[in-house]
Every structure is written in C-alpha cells, then in structure tokens.
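Heads up, the thing below is written out as structure tokens.
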Amino acid sequence: MTLTVKPIAILDDNYAWFLRDEATGVTAVMDAAVVEPIADFVKAEGGRLDWLLITHHHGDHIAGIAELASRTGAKVAGNANDAQRLPKLDVAVKPGDVFALGTSEADIIDTPGHTRGHISWHFPSGEALLCGDTLFAAGCGRLLEGSAAEMFASLQKLSALPDATKVCCGHEYTLSNIRYALSVEPGNEALKAFFELAKSLRAEGKPTLPTTLGTEHAINPFLHARDLAHFAELRLGKDNFR
Ligand code: ZN
Ligand code: FE
C-alpha cells in the first residue's frame with residue numbers, strides 16, 4: 001500500500017485523518033478541526049505536515065486549519081467552489097480534478113447534500129475514500145443545505161467505487177446509525193454482525209472506522225435505497241429516529 005491512512009479522534013465524535021504517501025513521505029491531515037491534538041499526532045508520526053485538506057466548511061472540519069498552517073507552513077487545499085467559506089486556500093481544487101499527495105493521486109468528487117460545497121477525496125492507489133459527512137458507517141450525512149436528490153446522487157457516485165475502498169468519514173456515528181439501520185432492516189445478518197463488532201470496538205475505545213465500501217454495501221440502508229423516493233423516506237426516518 002502506497003498510502004497510509006490513520007484516524008485522529010478529536011472533539012466529541014469527529015475524526016480528522018492523517019495521510020502519508022509512503023513513496024515520498026509527503027503527509028496531509030484531512031479536516032483539521034483542532035490544533036493541539038493534531039499537532040501532537042503529527043509529531044508522533046515524525047513531525048512532517050505538508051498539506052491540510054478539506055471536505056467541507058463546517059467548523060468541526062476546519063477550525064484548526066489556519067493556526068496549523070501558520071505554525072507548520074503546510075499548504076491548504078479545498079473546494080474552489082466553496083472557497084469563500086473555507087480558510088485561505090493555497091490550492092483550490094474543483095470536482096473532476098486530480099490532486100497529487102506525493103505519488104498518491106486523489107480524484108476530487110463532487111458530493112453535495114450535507115453542504116453545497118462538499119467534496120470527497122478518492123485515492124485509488126491507496127484504496128481510500130475521504131468522504132467527510134457524506135457517507136458514514138451504516139449511515140449518511142444530514143441534508144443541511146442540499147436536497148435528497150443531491151445526496152442520493154452523491155452516494156451513488158461513492159458506492160460505485162471498488163469494494164476494497166476504505167471509507168474514512170468525519171464522525172463516529174456508527175452505533176447510532178446501526179440502531180436506525182436495524183429498525184429498517186431487522187433481518188440483515190451482516191448488519192447484526194457488524195453491530196457486535198462495532199460495540200466491542202467502542203467498548204475498547206477504538207474507532208469503528210474505516211469500514212470498506214464492500215461492508216457498506218452489505219450493511220448501509222442508504223445504499224440499499226431502491227430509488228430517490230425511498231432514499232428520501234429513509235433519510236427522514238433517520239432524522240426522526242428517537
Ligand atoms: Zn458537517
Ligand atoms: Fe461534521
């Protein structure tokens with residue numbers, strides 16, 4: 001594997017992600033919402049920080065970026081189409097662009113729904129998908145700015161990526177997502193097995209992430225939506241669940 005990907009647990013239930021292109025040693029942190037915990041993590045990984053990457057403009061994904069950039073000199077990259085709501089960008093990427101993290105290339109995928117300017121970063125060679133608040137383990141992001149149609153289309157794009165792809169999302173919402181998922185798919189054996197795994201990981205204080213797209217195809221009800229109306233119904237059901 002040419003790309004190392006590690007979760008950094010921050011805030012109450014967020015993950016930033018540490019990325020390293022092993023061929024060159026170039027590193028990045030995705031969605032650096034805090035300063036000290038991320039600076040400490042980077043230090044423990046050897047101290048090199050080249051890039052600060054962004055999925056979307058929410059504070060729980062960007063609030064540490066300006067300070068980390070000025071401390072380390074790391075460059076900031078995010079969606080050109082949402083630049084007015086992001087920290088100052090050194091590299092403004094657009095959906096369809098390819099971003100090079102050393103020798104590891106990321107396809108920039110437009111994934112609106114949670115926010116208008118949300119993008120996902122797919123590293124095919126590293127089999128990693130950094131998808132912020134779009135696709136979660138056993139769930140998907142809330143529709144804060146976008147429509148159900150936008151989120152449905154965004155999830156369809158992500159779910160078409162290879163099954164081995166690691167799903168590196170922005171929150172540890174897995175247990176609550178599974179409880180809802182079980183309410184709509186009570187007979188899903190893969191989902192039940194994943195619930196047991198997720199419970200034991202959380203009991204040990206470990207992340208349930210990354211999952212893989214193969215796992216998500218088996219357990220995620222939002223990827224099982226027959227059509228847009230069914231997806232919208234599932235999303236509304238989750239919004240109103242408990
Ligand atoms: Zn968000
Ligand atoms: Fe978030």
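Numbering of ligands and ligand atoms starts at 1, following listing order. What you see below is based on every heavy atom in this structure, not just the backbone, and it leaves out hydrogens, waters and symmetry mates.
Backbone or side-chain N, O or S atoms of H56 do not reach the Fe ion (ligand 2) at under 2.8 Å. For the Fe ion (ligand 2), the N/O/S atoms of H171 include one lying under 2.8 Å.
Between the D90 side chain and the V76 main chain, a donor and an acceptor come within less than 3.5 Å of each other. Using modelled atom types, one side-chain atom of N220 and one backbone atom of G139 make a donor-acceptor pair closer than 3.5 Å.
When NE2 of H61 and OD2 of D60 are joined through the Fe ion (ligand 2), the resulting angle is 90° to the nearest 10°.
In the model, H118 has a side-chain atom that pairs as donor or acceptor with a side-chain atom of T111 under 3.5 Å. A side-chain donor from one of T208 and E172 sits under 3.5 Å from a side-chain acceptor of the other. Side chains of D133 and H61: a donor on one and an acceptor on the other come within 3.5 Å.
Salt bridge D82/R116: absent, no basic N to carboxylate O contact under 4.0 Å.
Excluding waters, the set of protein N, O or S atoms lying under 2.8 Å from the Zn ion (ligand 1) comprises H56 NE2, H58 ND1, H114 NE2, D133 OD2.
The atom name of the N/O/S atom in D133 closest to the Fe ion (ligand 2) is OD2.
Applying side-chain contact (heavy atoms from CB on, under 4.5 Å) to E22 and the options T4, T103, T2 leaves one that passes, T4.
Looking at residues two or more places apart in sequence or on another chain, you find a ring-ring contact (aromatic ring centres under 6.0 Å, His included) between F152 and F231.
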